[in-house]
Amino acid sequence: MPETHEFQAEIKQLLDIVVHSLYTEKEIFVRELVSNASDALEKLRHTQLTEKDVADADQPLEINITTDEAAKTLTIADHGIGMNAEELVKFLGTIAHSGSKAFLEAIKEGGAKNDNLIGQFGVGFYSAFMVAKSVKVYSRSFRPDETANVWTSDGSGSYTVEEVADEKRGTRIVIELKEDSEDYAKKDTIKTVLERYSAFVSFPINLDGDHINTVSALWLRSKSEITDEEYTEFYKFQAHAWDEPRLKLHFSADAPLAINSILFVPQSNTEKFGMSRAEPAVSLYCRKVLIDPAPKDLLPEWGRFLKGVVDSEDLPLNISRETMQDRALIEKLGKVITSRFLKFLADEAKNRPEDFDKFYEEFGIFIKEGAATDFTHKDALAKLLRFESSRTDAGKTTSLADYVSRMGEEQKDIYFLIGPSRDAIERGPYLEGLKARNLEVLYCFEAVDDYVMRNLREFDGKTLTAADSADLKLGDHESEGEALEKDKLDALIKWLKETLGTKVAEVKSSDRLVDSPAAVLNADQFMSPQMRRMMKAMKPEGGEEAEVPPMQVHLELNPRHAIVKKLSEIKDADNDKAVLMAEQLHDNALLAAGLLEDPSTMVQRLYKLLEQV
Ligand code: ADP
Ligand code: MG
């Protein structure tokens with residue numbers, strides 16, 4: 001008796017989209033099914049390294065495709081790893097495929113109207129329902145004691161699973177074609193599609209008994225023989241991608257390890273759409289044999305946007321992550337590849353700066369992550385960082401190396417400011433002191449920049465210093481205007497400390513301010529104003545706001561500023577008014593720093609002050 005199962009809700013949603021086809025190129029279902037067959041064969045080959053007992057061990061590792069025009073069916077069969085009844089339910093009835101998951105998330109984010117987005121994802125096995133009236137998946141697991149089963153569905157809400165006799169190990173998918181898709185029951189149609197999409201499958205493909213030639217191991221061929229189209233097709237095949245690669249690096253090395261590798265950078269950073277974290281996707285091969293399609297420990301975390309292959313003759317086929325020796329080998333391999341890729345990016349930046357800038361716009365966030373977390377490649381990564389600065393035009397960036405080349409002899413630090421925009425930084429009180437001293441300041445607009453700068457700490461022996469940090473020491477500077485006398489200034493500072501109480505950790509006079517009367521500075525070594533803002537903004541859905549400890553700032557006064565001088569006078573003449581002024585001064589400084597937490601109190605106070613004008 002067939003057992004009926006409901007599809008998981010997400011799959012229903014996916015099927016609904018697939019069936020009402022958003023894809024104009026329906027033929028890609030062939031690629032999806034052939035790639036699944038190839039994956040299954042690869043898995044079997046791998047299993048055979050450790051399992052001696054495999055069902056139907058004599059079956060060849062091939063993919064057999066048959067067309068039947070009369071019956072209007074297409075059959076794709078492999079003698080790969082196969083699935084038992086449980087696996088059929090799990091793999092074909094629930095959302096396992098990362099691409100499908102990403103696709104659904106993207107749809108939720110951007111809405112179905114975002115057709116471009118849709119074109120960027122594959123939906124794997126379910127793509128068969130674009131052309132199928134019904135799909136039957138006959139499968140038998142490689143485990144010798146399992147029975148064979150058939151999974152059947154018409155792509156609406158449910159499917160059945162039933163035991164069958166006489167199936168060999170592997171999977172045979174029979175597609176009964178819809179009327180508008182009967183073309184796929186023709187040998188010629190399938191042949192054309194296979195040539196286009198499945199040229200890189202590393203197992204023999206037979207179509208109605210004829211062997212279809214496949215091109216294998218592109219990475220072992222010489223660069224000069226490979227066309228751009230071939231690279232692109234390979235990228236699409238290998239990365240299950242739908243776009244064109246943005247950058248490509250094909251290289252070989254003999255020492256310290258024998259390596260042949262092709263790395264690709266995709267067009268867009270999918271994490272940017274607020275989608276799930278990218279998974280490692282650079283496959284590891286040894287002499288054309290796939291060892292691991294997505295090794296987690298080959299490339300550093302930040303390299304998870306990369307696609308491609310790495311083939312090394314120096315790896316043992318039965319490599320095991322459990323042994324120290326093999327782990328060390330993988331690590332070494334990863335280091336060589338990462339260094340090579342970073343060198344490639346450095347060359348791009350030099351030779352094709354515009355392309356590099358576009359790459360950086362999309363993937364710079366990974367470079368930043370690396371600069372902050374990858375100790376091994378920190379220096380090379382830091383050289384790739386780009387920021388706007390007080391010396392660049394809006395929208396243009398500079399590298400840290402270029403910044404250093406412009407530094408004066410006496411300058412020891414690289415200064416930066418973090419703010420939401422160029423405008424906000426330039427209007428704030430922190431820049432003026434550095435500008436007056438002709439010091440360049442890097443502008444950082446991203447939430448992660450604070451973290452990056454704190455972790456990077458220095459570049460080329462120069463300390464990276466936040467221009468709004470309390471302990472910033474700026475050299476002497478010819479200031480204009482008369483400063484408040486020392487004893488009056490001391491009295492004002494003392495009075496301000498008392499008046500502002502716990503709102504300030506410290507009040508002091510400063511020579512960094514030029515146009516502003518006062519500024520607040522970060523007094524908290526462990527929490528910068530940026531981090532504080534981020535923590536406040538991070539409110540888990542439905543949860544409580546994060547507990548942010550009370551803020552303690554340094555208030556710095558500009559002793560030359562008219563308002564400061566005025567306050568010094570008023571505090572002796574009209575204490576109430578002076579208190580209002582002091583509080584307002586403090587709030588204005590907080591506002592300029594983006595730290596004002598309760599604007600309503602300030603508004604009330606301003607009214608009071610206005611009454612007295
Ligand atoms: P993906 O291939 O990205 O995992 P698919 O939707 O194409 O996603 O396939 C879902 C799952 O179904 C696969 O991960 C695999 O476990 C299983 N599967 C599909 N086709 C086969 C096959 N020919 N042989 C064995 N397992 C298969
Ligand atoms: Mg697949």
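When a ligand or atom number is given, it counts from 1 through the structure's own listing order. If you're wondering where the values come from, they're calculated on a predicted model, not measured in any experiment.
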Checklist entry - Would you call Asp347 and Lys343 a salt bridge, using N to O less than 4.0 angstrom? => result yes
Next on the checklist: Would Glu32 count as a contact residue for ligand 1, given that I'm defining contact as a non-hydrogen atom of the residue lying under 4.0 Å from a ligand atom?
Outcome noted: no
Quick test of your reading of the structure: of [options], whose heavy atom lies closest to [atom]?
atom                    : options                     : value
atom 16 (O) of ligand 1 : Phe91, Tyr126, Phe125       : Phe91
atom 22 (C) of ligand 1 : Ile76, Thr171, Leu44, Ile63 : Thr171
atom 18 (N) of ligand 1 : Arg172, Met83, Lys90        : Met83

Checklist outcome for this item: ring pair (Phe, Tyr, Trp, His ring centres under 6.0 Å) test vs Phe125 passes for just one of Tyr159, Trp151, Phe29, namely Trp151
Item to check | All salt bridge (Lys or Arg N to Asp or Glu O under 4.0 Å) counterparts of Asp68, not counting sequence neighbours | outcome: none
Checklist entry - Quick one: which ligand 1 atoms are inside 4.0 Å of a heavy atom on Ala40? => result 22 (C), 24 (N), 25 (C)
Checklist outcome for this item: So for Leu92 against ligand 1, with non-hydrogen atoms under 4.0 Å, the contacting part is side chain
Checklist outcome for this item: Honestly, for Asp78 the part within reach of ligand 1 (heavy atoms, under 4.0 Å) is side chain
List, one per line, each side-chain donor-acceptor pair under 3.5 Å for residues 180-188, sequence neighbours excluded.
from, atom 1, to, atom 2, distance (Å)
Asp183, OD1, Lys186, NZ, 2.8
Tyr184, OH, Glu27, N, 3.3
Lys187, NZ, Asp210, OD2, 2.4

Checklist entry - Do any N or O atoms from the side chain of Glu3 and from the backbone of Val161 form a donor-acceptor pair under 3.5 angstrom? => result no
Next on the checklist: Before you tell me yes or no, could you show the steps for Phe356 and Phe359 under ring-ring contact (aromatic ring centres under 6.0 Å, His included), namely the whole-Å CA-CA distance, both residues' side-chain angles and the distance that decides it to 0.1 Å?
Outcome noted: CA-CA 5 Å; Phe356 177 80; Phe359 156 81; 5.8 Å; yes
Next on the checklist: For a distance under 2.8 Å, tell me if Ser35 has an N/O/S atom near the Mg ion (ligand 2).
Outcome noted: no
